[in-house]
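What follows is a short report on a single structure.
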Amino acid sequence: MELQQLKYFETIARYENITKASKLLLVSQPSLSRTLKQLENELGVNLFDRYGRNIKLNRYGRAFFRKVHSALNSIEDGKKEIDDMKGKEPQNIKLMISSASGLIPDLLSSFREIHPNVRFSLFQNKNEYGSDDCDFSILSLYSYVLNKSSIPLRTEEIYLGVPNNHPLARKKSLNLIEVEKEPFISLKPNKDLRRITDIFCEYSGFKPNIVFESDEPSMVRGLIKAGLGIAFVPSISWTKLIGPSISLLHIDIPKCKRTIYLSWKEEKYFTKADKLFKSFTQKYFGNL
DNA sequence: CGATAGCTGTTGACTTTTCG
DNA sequence: CGAAAAGTCAACAGCTATCG
């Protein structure tokens with residue numbers, strides 16, 4: 001069993017598609033098909049079920065994939081550890097951003113002022129295995145933090161943002177149930193903030209009437225300004241976005257808060273750059 | 001409904017690379 | 001150098017979607 005076979009298998013398994021894997025790996029498709037078959041022969045089982053022109057991981061394949069994936073990650077960590085020992089510069093940090101994306105540019109530029117040798121690769125589209133490949137994730141969904149190592153960076157209140165000319169704008173605070181019938185502007189359902197605010201509404205006993213959905217906080221702001229609805233606005237992560245034309249209302253019931261976490265995979269090896277970034281990020285959020 | 005085009009994975013024949 | 005491994009190309013088989 002060769003390391004290369006395992007790398008090939010991992011890519012094929014990730015996409016469940018040999019052609020796609022072959023393009024990524026820069027080898028021909030038949031070559032991958034053969035390598036996979038060799039591996040399967042050696043293991044004495046098929047790792048994929050073949051359905052005509054398609055392949056799909058079977059139970060053997062899924063079990064094997066988990067081990068291979070973690071083994072390959074471990075090897076990557078080992079390489080980093082050696083680079084670190086050699087004192088090789090610059091270093092690269094892979095960062096997954098699920099929350100507080102508006103704060104990231106400032107965080108990173110402040111960090112790079114002090115540590116210009118550290119480079120970053122940023123990822124925003126979560127996928128099943130995505131965050132495993134990253135050194136760190138910034139996120140706010142507690143369920144994602146489970147089973148990982150993490151530290152809370154900051155807890156922030158979540159306000160209700162309404163246009164200044166809205167009747168509610170005169171109030172300072174309210175109970176969430178009061179806006180049961182209001183048109184809501186919201187992020188897409190895959191966003192951390194959206195999932196949390198959906199839970200707030202559910203807790204209050206209603207389903208928000210969402211009339212606009214966007215990927216972008218800045219679009220949400222624009223839509224509030226234009227008077228098209230109201231929206232949940234996290235107090236710290238969106239501060240730079242919200243101008244004077246939007247009023248922020250405190251929500252009394254329920255308590256609307258979220259915590260932003262920095263997380264990493266448990267067995268992760270911390271390079272010098274990783275350690276610097278972790279402590280810097282902690283301080284940065286503490287000072288906001 | 002069948003013909004057809006377009007994918008995708010497998011296989012055979014062959015070439016290139018690797019390694020003892 | 002020479003065998004084995006790894007790769008390529010071309011042909012083929014099986015499936016899906018589309019179109020008249």
Side-chain angles (χ1 to χ4, degrees), chain A residues 1-98 119-135 137 144 147 186-191 194-195 210-216 219 265 267-269 271 273:
Chain A
M1 190 175 296
E2 301 297 320
L3 183 59
Q4 175 160 260
Q5 293 177 314
L6 299 178
K7 284 181 178 167
Y8 284 2
F9 165 69
E10 199 226 9
T11 309
I12 297 170
R14 180 174 296 189
Y15 296 98
E16 294 188 317
N17 181 315
I18 298 183
T19 303
K20 204 176 255 178
S22 74
K23 284 174 183 155
L24 283 163
L25 293 165
L26 305 174
V27 291
S28 68
Q29 182 272 326
S31 172
L32 279 191
S33 183
R34 282 210 161 88
T35 310
L36 177 61
K37 178 153 277 182
Q38 276 178 354
L39 187 62
E40 291 179 323
N41 286 342
E42 184 172 345
L43 292 168
V45 291
N46 281 350
L47 298 167
F48 295 85
D49 289 333
R50 273 76 171 171
Y51 300 97
R53 65 181 194 180
N54 294 312
I55 59 170
K56 198 149 181 45
L57 275 175
N58 59 25
R59 65 199 182 96
Y60 300 116
R62 279 192 297 275
F64 194 57
F65 175 73
R66 279 192 288 275
K67 297 297 181 192
V68 169
H69 184 68
S70 119
L72 293 178
N73 267 330
S74 193
I75 290 170
E76 279 308 304
D77 269 4
K79 280 155 83 177
K80 272 190 202 164
E81 191 165 346
I82 287 170
D83 283 346
D84 221 22
M85 290 160 85
K86 287 193 300 193
K88 185 190 159 201
E89 298 279 354
Q91 299 201 24
N92 189 55
I93 295 178
K94 289 187 194 165
L95 180 61
M96 169 75 68
I97 302 155
S98 299
R119 295 178 183 175
F120 286 89
S121 310
L122 305 179
F123 300 86
Q124 282 191 275
N125 297 325
K126 251 188 287 249
N127 63 47
E128 206 177 330
Y129 314 108
S131 66
D132 270 11
D133 294 334
C134 288
D135 296 304
S137 304
Y144 286 177
N147 305 324
S186 180
L187 294 177
K188 293 269 170 70
N190 61 347
K191 300 282 177 180
R194 166 69 181 277
R195 295 197 193 180
I210 291 168
V211 289
F212 288 99
E213 259 181 11
S214 166
D215 274 333
E216 279 299 311
M219 177 63 75
K265 58 176 189 278
E267 69 278 18
K268 174 181 169 54
Y269 167 77
T271 64

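Below, chain A is the first sequence line, B the second, and so on; all start at residue 1.
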For a quick check, with a 4.0 angstrom heavy-atom cut-off, what is the B/S/- contact string for nucleotides 9-20 of chain B, read 5' to 3'?
BBBBB-------

Without decimals, in angstroms, what is the distance between [X] [atom1] and [N] [atom2]?
X: A/Tyr15; N: B/dT8; atom1: OH; atom2: C1'; value: 18 Å
X: A/Lys7; N: C/dG7; atom1: NZ; atom2: P; value: 12 Å
X: A/Gln5; N: C/dA5; atom1: CD; atom2: C1'; value: 10 Å
X: A/Leu32; N: C/dT8; atom1: CG; atom2: P; value: 9 Å
X: A/Glu2; N: C/dA4; atom1: CD; atom2: P; value: 16 Å

Using a 4.0 Å heavy-atom cut-off, does A/Gln38 contact any base of the nucleic acid, only the sugar-phosphate backbone, or nothing at all?
sugar-phosphate

What is the nucleic acid contact for A/Phe48, judged by heavy atoms within less than 4.0 Å: base, sugar-phosphate only, or nothing?
nothing

Does the A/Glu40 side chain pair with the main chain of A/Leu47, one donor and one acceptor, at a distance under 3.5 Å?
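Yes, A/Glu40 side chain to A/Leu47 backbone: donor-acceptor pair under 3.5 Å.
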
Taking the side chain as every heavy atom from C-beta outward, state whether A/Phe64 and A/Leu6 have any pair of such atoms under 4.5 Å apart.
yes

Should we say atom CZ of A/Arg50 is surrounded by more than 12 heavy atoms from elsewhere, each under 6.0 Å from it?
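Enclosed: over 12 neighbouring heavy atoms sit under 6.0 Å from CZ of A/Arg50.
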
Flag the pair A/Glu10 and A/Lys7 as a salt bridge only when some basic side-chain nitrogen lies within less than 4.0 angstrom of an acidic carboxylate oxygen.
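Looking at A/Lys7 together with A/Glu10, the answer is no, because their closest N to O distance does not fall below 4.0 Å.
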
Are the charged groups of A/Lys265 and A/Glu76 less than 4.0 angstrom apart, N to O?
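Between A/Glu76 and A/Lys265 there is no salt bridge, as every charged N stays at least 4.0 Å from the carboxylate O atoms.
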
For the student: nearest non-hydrogen atoms of A/Ile12 and A/Ile18, plus distance:
CG2-CG1, 4.0 Å

How close do A/Lys268 and A/Asp135 get, heavy atom to heavy atom, and via which atoms?
NZ-OD1, 3.1 Å

Please list every stem that involves DNA chain C, where a stem is a run of 3 or more consecutive Watson-Crick or G-U wobble pairs with both pairing distances under 3.5 Å.
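Stems found: B:1-20 with C:1-20.
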
Applying side chain to side chain donor-acceptor pair (under 3.5 Å) to A/Gln4 and not counting sequence neighbours gives A/Tyr8

